[in-house]
Amino acid sequence: MRPAPTILHLDMDAFYASAEQAAKPSLRGKAVVVGGLGPRGVVATASYEARRLGVHSAMPTAQARRLAPNAAYLVPRFSLYRTVSDQVMELLGRLSPLVEPLSLDEAFVDLEAGGTADDSASARATGEGLRTAIHAVTGLSGSVGLAGSKMLAKIASEEAKPDGLLLIEPGTERELLAPMTVRILPGVGPATGDHLRRAGMTTVHDLAEAGEAELVRLVGKAHGHGLYRMALGLDDRPVVAERDAKSVSVEDTFDVDLHDRVRVRAEVERLAVRCVERLRAADRSGRTVVLKVRRYDFSTLTRSETLRGPTDDPTVVREAAGRLLESVDTTGGVRLLGVGVTGLADYTQEDLFAQAADARELAQRAQEHSSAPVEGGEESVPEPEPDSAELLAARRWPAGHDVYHEEHGHGWVQGSGVGRVTVRFEEPWSAPGRVLTFRVDDPLLRPADPLPLVRDAADYSSWPASLPKSRSDADSSGGGESSP
């Protein structure tokens with residue numbers, strides 16, 4: 001534990017949904033749900049307006065629609081979220097060389113290592129300045145927690161939501177934690193929480209009073225020891241700048257089970273290419289290709305193949321994934337497919353071309369073997385089931401995604417169906433726009449890249465030295481009050 005609250009935790013508020021509201025003037029102040037929109041879709045993020053109706057992350061979208069039938073349901077735009085995340089992380093990087101990203105919208109910062117805070121007053125000023133800078137650069141709000149440890153800083157940011165700041169003074173940790181539910185502590189999920197509740201422990205105070213020996217008896221030595229330390233507010237984990245990824249993967253859940261083997265193979269190859277794109281974006285390569293298949297009965301199978309050396313060649317990964325698929329029985333249907341690469345490295349095998357050639361040779365041999373004449377007639381290969389026009393339209397015009405019309409300008413898709421696509425034409429800095437409907441094949445309408453959320457962002461090139469110390473000193477149009 002540090003003697004000063006110089007560990008900062010930033011958590012952007014309802015990140016995906018807030019970004020969509022900032023980009024779409026007509027959705028501001030309204031319930032917005034971002035996630036998968038199909039029958040098996042899951043909520044990624046819900047705006048605070050939707051949360052008040054009972055919608056929350058990881059909830060099935062179908063259930064969310066019952067709770068909030070009038071909310072706007074949008075498909076995620078990860079290119080926009082990554083752009084905004086990069087802007088936020090760049091601001092954090094100016095505060096300290098020790099920034100530990102946890103996700104696109106969440107990170108720890110060691111302010112002491114950056115020389116930007118050494119006591120409560122300077123830590124609070126830096127946290128307020130960060131919130132001001134984020135709002136000015138991205139148009140979004142984030143909540144900040146400041147404490148002498150990572151655990152407490154994260155708890156503080158959660159308590160400060162939405163759009164607030166909470167600083168936990170060293171020495172007050174136990175008093176603050178005592179009345180909180182045990183679920184506030186890291187590693188205490190529903191199962192552990194229920195187990196502790198049955199033992200009569202519902203608050204952090206109960207855990208501290210029970211003692212380490214009793215907690216070890218209840219949940220085991222390793223977990224019990226850690227739980228007792230957390231109940232006392234003790235956490236010595238450092239902020240780690242480089243969190244080395246162990247794998248890169250992508251997966252898709254399908255609205256309708258896939259039965260056609262050719263279609264399944266095509267989806268695996270598409271996922272393999274997407275996986276390699278992520279691999280290359282991270283400047284990594286990998287040695288082991290992993291295939292994940294969840295079947296119609298929810299049984300999940302994984303298969304893996306280790307290559308001769310690390311690679312980021314899409315042909316190698318695609319064909320390895322295809323070979324793995326041959327060992328999986330997809331009879332009955334497939335509801336989810338995933339392709340991943342593990343054993344990551346910062347380099348690729350020197351003889352990539354030979355490796356790719358070997359992979360193609362293996363695939364060719366397998367094809368020759370499978371296409372050999374069989375007794376009783378020629379082997380027939382089933383044709384893939386054609387996608388419906390409605391499904392193709394939904395893929396080309398996802399709800400919430402950006403479009404551009406040659407006559408009407410920039411807009412976003414409100415929905416598509418029956419051969420039509422409905423677009424609302426507005427920009428982040430405009431008034432709510434008008435709605436027009438077009439044929440899905442209108443030659444004047446095309447997909448577009450997201451616009452920046454702030455058209456004329458303030459100049460923060462000299463930040464943090466020149467940054468106002470609080471929002472009240474800055475010309476900021478939004479944001480809540482800081483928590484004491």
Side-chain angles (χ1 to χ4, degrees), residues 245-282 284-345 348-374 378-387 391-392 395:
K246 296 181 180 180
S247 65
V248 173
S249 63
V250 296
E251 61 182 43
D252 272 350
T253 300
F254 304 100
D255 293 342
V256 179
D257 289 346
L258 303 184
H259 293 84
D260 188 337
R261 186 75 177 184
V262 176
R263 171 69 184 280
V264 172
R265 172 76 183 226
E267 292 293 342
V268 167
E269 292 182 349
R270 181 180 61 83
L271 289 169
V273 172
R274 283 176 52 195
C275 181
V276 171
E277 289 174 351
R278 290 192 180 183
L279 197 66
R280 289 182 170 180
R284 306 299 295 274
S285 60
R287 186 172 183 177
T288 300
V289 178
V290 180
L291 174 70
K292 176 180 177 181
V293 179
R294 180 166 297 153
R295 298 187 292 189
Y296 69 99
D297 58 357
F298 287 90
S299 62
T300 302
L301 305 176
T302 58
R303 299 289 186 270
S304 64
E305 175 181 320
T306 299
L307 307 172
R308 288 179 4 194
T311 182
D312 64 353
D313 187 314
T315 301
V316 174
V317 176
R318 184 175 65 245
E319 294 180 354
R323 290 193 297 275
L324 293 171
L325 179 63
E326 295 304 316
S327 65
V328 177
D329 180 13
T330 59
T331 303
V334 172
R335 62 183 292 115
L336 177 147
L337 290 170
V339 175
V341 176
T342 65
L344 301 188
T348 57
Q349 189 76 3
E350 293 182 358
D351 58 346
L352 275 178
F353 293 110
Q355 184 166 289
D358 290 346
R360 284 191 290 271
E361 182 179 353
L362 287 173
Q364 183 176 359
R365 289 178 181 176
Q367 183 179 6
E368 290 173 352
H369 181 268
S370 64
S371 61
V374 295
E378 297 181 353
E379 184 183 27
S380 61
V381 178
E383 291 291 328
E385 298 175 1
D387 289 327
L391 182 57
L392 291 173
R395 286 178 178 175

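Residue indices begin at 1 and follow the sequence shown.
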Under the rule for side-chain hydrogen bond (donor to acceptor under 3.5 Å, both in side chains), what residues qualify as partners of [X], not counting sequence neighbours?
{"X": "Thr300", "value": "Arg294"}
{"X": "Arg287", "value": "none"}
{"X": "Arg295", "value": "Ser299"}
{"X": "Thr302", "value": "none"}

Let me check something: any side-chain donor-acceptor pairs from residues 328-345 under 3.5 Å, sequence neighbours excluded? List them with distances.
from	atom 1	to	atom 2	distance (Å)
Asp329	OD1	Thr331	N	2.9
Asp329	OD1	Thr331	OG1	2.6
Thr330	OG1	Arg261	NH1	2.9

Approximate separation, where rounding is to 0.5 Å, of Glu305 CD and Glu319 CD: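 Between Glu305 CD and Glu319 CD, I get 10.5 Å after rounding to 0.5 Å.
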Starting at OG of Ser285, measure out to CG of Asp313 and round the result to the nearest 0.5 Å.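 The CG atom of Asp313 is 11.5 Å from OG of Ser285, to the nearest 0.5 Å.
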Which heavy atom of Val276 sits nearest to which heavy atom of Asp312, and what is that distance?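 Val276 and Asp312 have their closest heavy atoms at CG1-O, 3.2 Å.
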Pairs satisfying salt bridge (Lys or Arg N to Asp or Glu O under 4.0 Å), at least one member in residues 269-278, at least two apart: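 Listed once each, the pairs are Asp252-Arg270, Asp252-Arg274, Arg265-Glu269, Glu267-Arg270.
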Which one of Pro310, Ser247, Ser304 satisfies the side-chain contact (heavy atoms from CB on, under 4.5 Å) criterion with Thr288?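 Result: among Pro310, Ser247, Ser304, Ser304 is the only option passing the side-chain contact (heavy atoms from CB on, under 4.5 Å) with Thr288.
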